[in-house]
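The chains referred to below are lettered A, B, ... by the order of the sequence lines, with proteins before strands, and numbering in each begins at 1. In what follows, every heavy atom counts, from backbone to side chain, and hydrogens, waters and symmetry copies are set aside.
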Amino acid sequence: MNADLVFDLVLGAGLLWSAAGALLGRDRYGAVILFIVFGLLMTLAWVRLAAPDIALAEAAIGAGLTGALLLDALGGDSAGTAQRGASRWLLLPLAGAIAILLAGALRGLPAPSGELREAVSAALAHSGVSHPVTAVLLNFRGYDTLLEVSVLLAALLGVLGAARDARPARLSAAPLLQAATRVLVPFMLLTAGYLLWAGAHRPGGAFQAAAVLAAGAVLLALVGMLGGWTRPALRTRLAIAAGPAVFLLVAAPSFERTLLLQLPPQHAGRLILLIEAALTLSLGFILAGLFLALLRGDTAGDGQA
Amino acid sequence: MSSGLFYAILGCALFALGLAATLLLREALRRVLAFNVMGSGGFLVFVGLAQRDGVVDPVPQAMVLTGIVVAVAATALALALLRRLEQTDAHEP
Amino acid sequence: MSELAAAVALFLLLNLAAALVVVARGPGAADRMLAALLFGTTGVAMLMLSALALAQPPIVDVALVLALLAAIAGIAFVRRSWRTPERTDA
Amino acid sequence: MLDVASATLMLLGAGFFLAGTVGLLRFPDIYSRLHALTKADNLGVGCIAVALALQADGLAAGLKLLLVWPLVLLASATVSYAIAERARALGVPLDGGAPDDAP
């Protein structure tokens with residue numbers, strides 16, 4: 001029984017336990033904190049699956065955005081209220097049954113053909129980048145990425161709409177936390193730039209860079225150095241629009257060609273960097289906005305620490 | 001058993017847990033968490049199955065990468081609607 | 001050397017399993033948050049070790065990002081959701 | 001020689017992590033548990049970062065590993081301060097059980 005297998009088994013058990021605890025645990029503090037732990041364990045799982053790109057995104061979004069969103073939501077109402085209902089005890093058997101059915105369905109599958117894999121490695125040379133995941137995201141399946149950015153945009157509009165009549169919030173200043181933030185945020189900007197640049201030839205890229213940028217904004221907001229959004233300023237909206245706009249401008253010439261968003265091989269490298277830079281800006285603002293639009297004002301008892 | 005297949009099966013279990021919780025739990029916040037667990041399980045199945053022969057496959061990895069970002073956006077939207085719900089409930093007599 | 005790194009990473013994972021008990025049981029919300037912080041620091045160490053054990057240098061970037069953002073969840077907990085002085089006994 | 005050094009540091013780091021977890025499980029109140037975690041674990045991360053930096057191929061990779069340590073230190077120092085401060089403000093009692101006077 002080698003160390004790798006033991007590692008996977010323990011990690012799997014931890015994932016199941018933290019997920020079950022987050023969903024079935026009594027009070028909501030425990031639920032949200034266990035869910036944050038679940039995110040950290042997922043990061044490890046992606047590392048085990050040799051998917052460092054996903055691990056980067058999971059780490060940045062889980063640690064920087066999801067946790068803050070959920071903890072902020074906890075503060076809103078009576079946190080710690082026990083969850084009642086006999087349905088909790090119905091739940092595990094039902095989940096077990098579904099899991100057995102699904103896992104059973106996996107057994108009949110033929111071996112993976114790997115056609116896509118081969119297609120990617122065959123076309124990688126003409127993609128303009130040497131990192132396959134980036135090539136898939138920005139070149140081979142660029143239209144998916146473009147539409148995905150529009151989905152994020154729609155989500156942000158929805159959040160802004162739902163939080164419309166909330167008053168503009170700015171948390172009370174926390175001097176010592178601000179001092180630490182002044183050190184951390186420049187490193188976040190640096191890391192975001194590094195990830196953006198790295199995407200061309202190794203794990204990294206616009207999504208991870210944007211997630212780190214958004215995490216920086218979340219931190220600034222949490223220590224009272226950045227106010228929440230009610231109506232984004234014009235500059236903000238332009239920055240949000242930059243990514244899709246550049247993407248479409250680059251796509252426009254490709255419409256006469258056969259494939260949508262097929263980049264000309266000779267310029268692909270530069271075009272991808274251009275698109276990724278614009279996407280990082282937009283996605284950073286969008287992801288940050290998801291938190292900033294939901295930011296509530298201080299309520300009684302806040303402001304310490 | 002390849003670790004790809006292992007994580008695919010693990011993903012099935014997580015997906016099932018999240019699905020059952022989404023259906024059965026009453027608390028809205030738990031449902032949001034359950035929805036996320038469901039998503040993570042689906043992602044694991046997607047990548048794990050594609051790599052069950054132990055070879056890295058960039059295509060599902062790219063899809064899941066964008067999926068994670070969409071999932072957090074959906075979570076934020078759900079939380080926004082949740083708060084809206086609390087406000088309207090509070091205002092009703 | 002990579003075998004040792006893998007072994008130490010496994011040891012840290014088992015270490016976390018013990019801490020998971022604290023996250024699940026409490027006693028108080030702050031103790032749970034502490035355990036979550038433990039997961040953060042230990043996770044950083046495990047990622048660095050995995051980079052050597054699995055011979056995947058990019059994993060170090062994941063550790064770097066995690067270390068960079070480690071403070072955010074704790075600060076969000078303190079400033080946004082921890083309101084009630086819950087019992088630390090129980 | 002280098003391998004011996006990093007092996008020793010790795011094992012040392014693992015020991016520190018173990019100590020931190022034991023502290024988390026055994027110490028009486030939130031304040032002492034904070035001490036246990038933030039000190040032991042950061043030493044653990046430091047030892048392991050140095051151990052791996054010794055193994056790193058190339059200066060940049062090594063420096064990146066060494067950069068991780070101060071970041072973790074800063075994060076946990078900040079958060080442990082914030083949690084302790086908040087716990088005191090909320091009047092979470094010390095081990096003696098006597099509730100600390102909230103300011």
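- Here the closest non-hydrogen pair linking C/L20 and A/W17 is CD2-CE3, 3.5 Å.
- Contact annotation for A/W46: neither backbone nor side-chain heavy atoms come within less than 4.5 Å of a heavy atom of chain C.
- In terms of non-hydrogen atom pairs under 4.5 Å with chain A, the most contact-rich of C/L68, C/I75, C/V65, C/L16 is C/L68.
- Atom CG of A/L44 sits about 9.5 Å away from atom CZ of C/F39, to the nearest 0.5 Å.
- Here the closest heavy-atom approach between residue A/A59 and residue C/L66 is recorded as CB-CD1, 3.9 Å.
- A donor-acceptor pair is defined here as one N or O able to donate and one able to accept, closer than 3.5 Å; such a pair exists between the side chain of C/R79 and the backbone of A/L222.
- For A/T181, no part lies near chain C; criterion is any non-hydrogen pair under 4.5 Å.
- Heavy atoms closer than 4.5 Å to chain C are found in both the backbone and the side chain of A/L56.
- Of the listed residues (A/I36, A/L40, A/L219), the one with the most heavy-atom contacts under 4.5 Å to chain C is A/L40.
- Taking the side chain as every heavy atom from C-beta outward, A/L171 and C/R80 approach each other to under 4.5 Å.
- Closest approach of C/F77 to A/I33, counting heavy atoms only: CE1-CD1, 4.3 Å.
- Of the atoms belonging to A/L69, not a single heavy atom falls under 4.5 Å from chain C.
- With sequence neighbours excluded, the residues satisfying side-chain hydrogen bond (donor to acceptor under 3.5 Å, both in side chains) with C/D61 are A/Y194, A/R202, D/K64.
- Using a 4.5 Å cut-off between heavy atoms, A/L195 contacts chain C through its side chain alone, with no backbone atom that close.
- Heavy-atom pairs under 4.5 Å with chain C peak, among A/A13, A/A60, A/G21, A/G14, at A/A60.
- Each of C/L14, C/I59, C/L13, C/L47 has some count of heavy-atom pairs under 4.5 Å with chain A, and the biggest count is that of C/L13.
- Taking CG from C/L69 and OG1 from A/T191, the interatomic distance works out to 8.5 Å, rounded to the nearest 0.5 Å.
- Contacts between C/A63 and chain A at a heavy-atom distance below 4.5 Å are absent for every atom of the residue.
- Rounded to the nearest 0.5 angstrom, C/L10 CG and A/L9 CG are separated by 10.0 Å.
- Residues A/L184 and C/A71 come closest through the heavy atom pair CD1-CB, 4.3 Å.
- Among all heavy-atom pairs drawn from A/V47 and C/S50, the shortest one is CG1-CB, 4.2 Å.
- Contacts between A/A211 and chain C at a heavy-atom distance below 4.5 Å are absent for every atom of the residue.
- Of the atoms belonging to C/L54, it is side-chain heavy atoms, and not backbone ones, that fall under 4.5 Å from chain A.
- Among A/A68, A/G62, A/G30, A/G67, the residue with the largest count of heavy-atom pairs under 4.5 Å with chain C is A/G30.
- For a residue to count as touching a neighbouring chain, one of its non-hydrogen atoms must lie under 4.5 Å from one of that chain's; by this rule A/V218 touches chain C with the side chain only.
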